[in-house]
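Here the structure comes first, spelled out in structure tokens, and everything after it is commentary.
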Amino acid sequence: MKRKIRKEVKYGLYVVGFIALFGLIYSIEKTLFPVTFNNKDNFEYVSKTIFDDVIPVVGDVDVIKRPYLDEDIKVLKGFYDYQDDSENQEKSLIYSENTYIQNSGVSYGKKDVFDVVSILDGTVIGVKEDNLLGKIIEIRHSNDVISVYQSLSEVNYKLNDNVMQGAVIGKSGMSSLSPELNNHLHFELFVKGINVNPENYYDKKLADL
């Protein structure tokens, strides 16, 4: 008469067998691949992690930045605001060929040529050269915002190119319309089709426009 092995005993034998097999494998591995942990000179301890080489993202691409990086740049001629006082309005007029023209942007300048950068990510929708305004590049951004950079001496992008915020799109230069400003950038900003004063929009989020 055969005896039946109870389930508890059977499972116990399985566990014991597994432990024995694992111990055998471990013993063979130690015999074939001995490692000595007592010698500290065999190891180099570092505190660096895999994340140390990751470059953090700086800035917010949805925030409007200035079209230049040099801190020495100043406003040479401001935007003509119909609600401003008469003194500032007078300073914002451009005199050309015996005619006064209301300044539709802001002219920034300094003695030396400086880099002109994109205020936001966008797509180039226009590149041209004008006899009065110099080289011009226009960029369309999200939320129906368009930036226009005039009086450039050189342009680094062409039509339909994608541009990232902060990318150098050109260099400051001269224009026949405002030769008295010497080296400068004339910058214009359009929000939902309206020509606005750029100085009122820097550091604003696109979502808030």
Side-chain angles (χ1 to χ4, degrees), residues 54-80 92 94 96-97 101-209:
V54 177
I55 300 175
V57 177
V58 179
D60 187 342
V61 294
D62 291 328
V63 174
I64 300 175
K65 301 299 182 182
R66 289 182 174 270
Y68 56 83
L69 300 175
D70 197 324
E71 295 181 352
D72 296 332
I73 294 172
K74 301 183 182 303
V75 174
L76 302 181
K77 189 173 290 291
F79 179 85
Y80 186 92
S92 301
I94 299 173
S96 178
E97 298 181 353
I101 305 171
Q102 297 162 348
N103 193 17
S104 55
V106 179
S107 297
Y108 302 99
K110 60 176 291 190
K111 182 178 180 181
D112 301 322
V113 173
F114 56 89
D115 289 337
V116 175
V117 301
S118 179
I119 63 169
L120 293 161
D121 290 356
T123 303
V124 178
I125 59 173
V127 177
K128 56 186 176 181
E129 186 166 1
D130 187 89
N131 291 333
L132 285 178
L133 304 177
K135 289 182 172 62
I136 304 169
I137 181 170
E138 301 178 13
I139 301 177
R140 182 185 299 279
H141 312 283
S142 300
N143 207 13
D144 201 11
V145 174
I146 295 176
S147 56
V148 182
Y149 312 76
Q150 301 177 357
S151 305
L152 303 180
S153 58
E154 63 179 66
V155 173
N156 300 334
Y157 285 81
K158 63 182 184 300
L159 186 66
N160 296 324
D161 278 351
N162 291 324
V163 182
M164 295 189 67
Q165 183 184 62
V168 178
I169 57 176
K171 301 280 188 180
S172 59
M174 304 276 290
S175 74
S176 299
L177 182 63
S178 303
E180 75 282 359
L181 298 181
N182 296 313
N183 173 66
H184 71 284
L185 158 70
H186 179 77
F187 178 68
E188 297 185 0
L189 186 64
F190 294 83
V191 177
K192 301 185 187 318
I194 300 175
N195 184 208
V196 299
N197 183 355
E199 288 290 318
N200 295 334
Y201 283 80
Y202 297 134
D203 298 324
K204 283 191 175 182
K205 291 185 177 182
L206 279 174
D208 296 335
L209 301 185

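- In the displayed structure, N131 atom CG is contacted under 6.0 Å by at most 12 heavy atoms of other residues, nucleotides or ligands.
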Extract all donor-acceptor atom pairs below 3.5 Å that involve side chains of residues 111-121 and protein atoms in other chains or at least two apart in sequence.
unit_1: D115; atom_1: OD1; unit_2: K171; atom_2: NZ; d: 2.5
unit_1: S118; atom_1: OG; unit_2: L120; atom_2: O; d: 2.5
unit_1: D121; atom_1: OD1; unit_2: Q165; atom_2: N; d: 2.6

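- In this structure H141 satisfies the side chain to side chain donor-acceptor pair (under 3.5 Å) test together with S147, sequence neighbours excluded.
- Under the side chain to side chain contact (heavy atoms under 4.5 Å, CB included) criterion, L159 pairs with no residue, sequence neighbours left out.
- Scanning for side chain to side chain donor-acceptor pair (under 3.5 Å) contacts around S175 gives an empty result, with sequence neighbours left out.
- Among pairs with a residue in residues 195-204, those fulfilling salt bridge (charged side-chain N to carboxylate O under 4.0 Å, His left out) read R66-E199, at least two apart in sequence or across chains.
- Pairing each heavy atom of L185 with each of S172, the nearest pair is N-CB, 4.4 Å.
- With sequence neighbours excluded, the residues satisfying side chain to side chain contact (heavy atoms under 4.5 Å, CB included) with E180 are K77, S178.
- Judged purely by atom type and a 3.5 angstrom limit, N182 has no side-chain atom pairing as donor or acceptor with the backbone of M174.
- The salt bridge (charged side-chain N to carboxylate O under 4.0 Å, His left out) pairs that include a residue from residues 150-160 are K158-D161, where partners are two or more places apart or lie in different chains.
- Partners of D144 according to the side chain to side chain contact (heavy atoms under 4.5 Å, CB included) rule, which considers only residues two or more places apart in sequence or in another chain, are R140, K192.
- T123 is linked by a side chain to side chain donor-acceptor pair (under 3.5 Å) to N162, counting only residues two or more places apart in sequence or in another chain.
- Remark: F190 engages no residue in a ring pair (Phe, Tyr, Trp, His ring centres under 6.0 Å) (not counting sequence neighbours).
- No option in N160, I169, V163 other than V163 meets the side-chain contact (heavy atoms from CB on, under 4.5 Å) test with V124.
- The stretch residues 67-76 participates, sequence neighbours left out, in these salt bridge (charged side-chain N to carboxylate O under 4.0 Å, His left out) pairs: D70-K110.
- The ring-ring contact (aromatic ring centres under 6.0 Å, His included) analysis of residues 149-180, with sequence neighbours excluded, yields the pairs Y149-F187.
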